[in-house]
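Computed from heavy atoms alone, side chains included, the values below leave out hydrogens, waters and symmetry copies. All values reported here derive from a predicted model rather than from experimental measurement.
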Amino acid sequence: MKKILFVCHGNICRSPMAEFVFKKLVSDAGLSAEFEIASAATSTEEIGNDMHHGAKQKLTEMHVPFTRRHARRITAEDYEYFDYLIGMDVENMYYMQRNWNRDPDGKCSLLLSFAGKDRDIADPWYTGNFDRTYDDILEGCTALLEKVRG
């Protein structure tokens, strides 16, 4: 089983969107039994909160199923448990590596790096642009699935 954790600042916009988009891609490919997929935050600002209404609205528009959830912060145990730790931007990566002793096993990656892009996924909390965030997440998740399938 491949275990993937998507990480963003608050765990209410980008990382849960990536979690549910990836779950849909995996389900559509008939691979749900082969994956465990979750998301978490680098900060404590939104702990316990559900996904942002804009993220829910975009996922609904794109027919991506999601469930009610509660934002949580990354833990030391996450590093040992998950195979892939996927950040949405370089600030996330900084805090992930800081939290996980500089990523000794090379598990941390930016989501868009799987699509051959060297840029962040913009945070729609600040931009208000859930369309662009969704498009970037879909591109990154599609490429990530290709990579992990081998």
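A 4.5 Å side-chain heavy-atom check between Leu85 and Phe6 finds every atom pair outside the cut-off. The side-chain heavy atoms of Asn49 and His70, taken from C-beta on, include no pair separated by under 4.5 Å. In this structure, the side chains of Met93 and Leu110 come closer than 4.5 Å at one or more pairs of heavy atoms. Looking at heavy atoms from C-beta onward, Ile86 lies out of side-chain contact with Val7 at the 4.5 angstrom threshold. Residues Met88 and Cys13 are not in side-chain contact: their nearest non-hydrogen atoms beyond the backbone lie 4.5 Å or more apart. Inter-residue side-chain proximity for Phe20 and Pro65 is flagged as unmet; no heavy-atom pair is nearer than 4.5 Å.
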Show me, pair by pair, the donor-acceptor contacts under 3.5 angstrom made by side chains of residues 141-150, not counting sequence neighbours?
unit_1	atom_1	unit_2	atom_2	d
Thr142	OG1	Leu138	O	2.7

Let me check something: any side-chain donor-acceptor pairs from residues 21-34 under 3.5 Å, sequence neighbours excluded? List them with distances.
unit_1	atom_1	unit_2	atom_2	d
Lys23	NZ	Glu19	OE2	2.9
Lys24	NZ	Asp28	OD2	2.8

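No more than 12 heavy atoms of other residues, nucleotides or ligands shown are found within 6.0 angstrom of CZ on Arg98.
Counted by atom type alone, Tyr79 and Asn101 present zero donor-acceptor pairs between their side chains at under 3.5 Å. No hydrogens or angles considered: nothing links the side chains of His9 and Glu46 as a donor-acceptor pair under 3.5 Å.
Every residue two or more places apart in sequence or in another chain that forms a side-chain contact (heavy atoms from CB on, under 4.5 Å) with Arg72 is listed here: Leu5, Asn11, Ala40, Thr75, Asp78, Phe82. For the side-chain contact (heavy atoms from CB on, under 4.5 Å) test, no residue two or more places apart in sequence or in another chain qualifies with Arg102. Not counting sequence neighbours, the partners of Glu36 by the side chain to side chain donor-acceptor pair (under 3.5 Å) test are Tyr81. In this structure Phe66 satisfies the ring-ring contact (aromatic ring centres under 6.0 Å, His included) test with no other residue, sequence neighbours excluded. In this structure Lys58 satisfies the side-chain contact (heavy atoms from CB on, under 4.5 Å) test together with Met17, Glu61, Met62, Phe130, Asp131, Tyr134, sequence neighbours excluded.
The hydrophobic clustering, which links ILVMFWY residues whose side-chain heavy atoms are closer than 4.5 Å, places Ile121 and Ile4 together. Leu111 and Trp100 are not part of a single hydrophobic cluster, where members link through side-chain heavy atoms under 4.5 Å apart.
Listed by first then second residue, pairs satisfying salt bridge (charged side-chain N to carboxylate O under 4.0 Å, His left out) with a partner in residues 104-115 number zero, not counting sequence neighbours. The side chain to side chain donor-acceptor pair (under 3.5 Å) analysis of residues 82-91, with sequence neighbours excluded, yields the pairs Arg14-Asp89, Asp89-Asn92.
Between Ser39 and Ser15 the shortest heavy-atom distance is CB-O, 3.5 Å. The shortest heavy-atom contact between Ser43 and Gly10 is OG-CA, 4.1 Å. For Pro124 against Ala122, the heavy-atom pair with the smallest separation is CD-O, 3.2 Å. Here the closest heavy-atom approach between residue Asp136 and residue Asp120 is recorded as OD2-O, 4.5 Å. Nearest approach of Phe114 to Gly140, heavy atoms of both residues: CB-O, 4.2 Å.
Residue Ile47 belongs to no hydrophobic cluster, having no ILVMFWY side-chain heavy atom closer than 4.5 Å to its own. Residue Tyr94 is found in a hydrophobic cluster whose other members, listed by chain and number, are Tyr95; membership requires side-chain heavy atoms under 4.5 Å apart, directly or through intermediates. Think of Ile12 as one node in a network of Ile, Leu, Val, Met, Phe, Trp and Tyr side chains linked at under 4.5 Å; its network also takes in Trp125, Tyr126.
For the atom pair OG1 of Thr133 and NE2 of His52, the computed distance is 11.0 Å after rounding to the nearest 0.5 Å. Atom OG1 in Thr60 sits 8.0 Å away from atom CD in Gln57 (nearest 0.5 Å). Separation of atoms CZ (Arg73) and OG1 (Thr42) is listed at 7.0 Å; rounding is to 0.5 Å.
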